[in-house]
Amino acid sequence: MNLLQIVPDVLANALAGPLPGLNAQLRMAPSYRTDPSQVSVVDKDCRVGGVLVLLYPRDGLLHVLLTVRTHVLRNHSGQVSFPGGGCEPGESPREAALREAQEECGVEPASIRLLGGLTPLYIPPSNFCIYPQVGFSATPPDLRPHTDEVAALLEVPLPFLAAPGTRQAEFWELRGQQVRVPFFAIGAHKVWGATAMVLSELLTILGRLGLSQEPQPS
């Protein structure tokens with residue numbers, strides 16, 4: 001059996017058990033967010049949202065979908081993120097993640113199997129508590145980005161993300177101070193902050209399962 005064919009069941013089982021959690025997230029946190037209480041959603045009066053961590057095979061490798069936000073958006077403009085947004089009244093994070101992925105990227109909800117959730121994460125600048133939902137599509141999605149919100153789509157092979165050279169760090173001036181910022185270097189893009197922290201937990205899980213590396217010939 002092809003390795004990619006077992007991904008949904010194996011990953012769903014792993015997501016149902018104990019997660020790596022904050023320890024894995026904090027590996028990619030900026031130096032001003034090293035206190036777990038700054039990352040945890042516990043006791044936060046925040047807006048709840050869902051983001052979709054969409055995995056799918058392309059050219060024999062497992063990929064993850066990321067979006068580059070346009071510069072006209074109010075929050076996190078120009079940054080790389082997962083498709084997602086705030087929950088509408090009566091909507092769960094799972095429902096919000098699927099709806100936003102359709103609105104932002106044209107991904108049909110019916111084509112996605114939701115496998116489970118990663119550890120929720122608090123984002124202070126926008127006062128959001130995001131609940132990452134891992135989804136799987138058996139085939140590459142038909143992507144139609146909404147250009148008012150999405151400047152570009154990034155389809156990133158997981159073996160590339162997992163490669164040691166992709167994780168880098170620099171000192172940036174943020175909030176008037178020099179801050180060490182880890183990021184994933186993807187072409188001209190630096191994926192940092194909450195997106196990098198969610199990816200760090202995902203890669204930790206996939207690494208434990210042996211699913212983040214390039215498949216071996218059968």
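The shown structure was predicted, so the numbers you read here are calculated from the model rather than taken from an experiment. Values below: all heavy atoms of this structure, side chains included; hydrogens, waters and symmetry mates excluded.
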For this session: Answer whether the closest heavy-atom distance between the side chains of L65 and P83 falls below 4.5 Å.
Result: yes

Exercise. Sequence neighbours excluded, which residues qualify as side chain to side chain contact (heavy atoms under 4.5 Å, CB included) partners of P145?
Worked result: V150, L153

Problem set entry | Under 3.5 Å: donor-acceptor pair, side chain of S200, backbone of A196 | no

Problem set entry | salt bridge (charged side-chain N to carboxylate O under 4.0 Å, His left out) pairs, two or more places apart, involving residues 4-18 | D9-R113

Problem set entry | Check against side-chain contact (heavy atoms from CB on, under 4.5 Å), F82 and L66 | CA-CA 5 Å; F82 296 103; L66 299 171; 3.5 Å; yes

For this session: Indicate yes or no for a side-chain donor-acceptor contact from E201 to the backbone of L118 under 3.5 Å, with no hydrogens or angles considered.
Result: no

Problem set entry | Under the salt bridge (charged side-chain N to carboxylate O under 4.0 Å, His left out) test, residues paired with E95 that sit two or more places apart | none

For this session: Only pairs at least two apart or in different chains count here, so list each salt bridge (charged side-chain N to carboxylate O under 4.0 Å, His left out) that has a residue in residues 158-173.
Result: E170-K190

For this session: May I have all residue pairs that pass ring pair (Phe, Tyr, Trp, His ring centres under 6.0 Å) and include part of residues 157-183, sequence neighbours excluded?
Result: W172-W192

For this session: Indicate yes or no: at least one non-hydrogen side-chain atom of L203 is less than 4.5 angstrom from one of L161.
Result: yes

Exercise. Considering residues at least two apart in sequence or located in another chain, which fulfil the disulfide (SG to SG under 2.5 Å) criterion with C87?
Worked result: none

Exercise. Residues in side chain to side chain contact (heavy atoms under 4.5 Å, CB included) with V179, at least two apart?
Worked result: P30, S31, Y32, L174, Q177, V181

For this session: Over all heavy atoms of both residues, which pair between A14 and L19 is shortest? Give the atoms and the distance, please.
Result: O-CD2, 4.2 Å

Exercise. Under 3.5 Å, side chain of Q25 to main-chain N/O of T119, donor-acceptor pair present?
Worked result: yes

Seminar exercise, completed: Hits for side chain to side chain contact (heavy atoms under 4.5 Å, CB included) against D142, two or more places apart or cross-chain, chain-then-number order -> R144

Problem set entry | Side-chain heavy-atom pair L11, F136 within 4.5 angstrom cut-off | no

Exercise. Please, which pairs that meet disulfide bond (SG atoms under 2.5 Å apart) have at least one residue in residues 90-142, sequence neighbours excluded?
Worked result: C46-C129

Exercise. Quick check: does any side chain N or O of T70 sit under 3.5 Å from a backbone N or O of D148, one acting as donor and the other as acceptor?
Worked result: yes

Exercise. What disulfide bond (SG atoms under 2.5 Å apart) pairs are there with at least one residue in residues 152-190, not counting sequence neighbours?
Worked result: none

Exercise. What pairs of residues pass the salt bridge (charged side-chain N to carboxylate O under 4.0 Å, His left out) test when at least one of them lies in residues 150-163, not counting sequence neighbours?
Worked result: R58-E155

Exercise. Partners of R94 by salt bridge (charged side-chain N to carboxylate O under 4.0 Å, His left out), sequence neighbours excluded?
Worked result: none

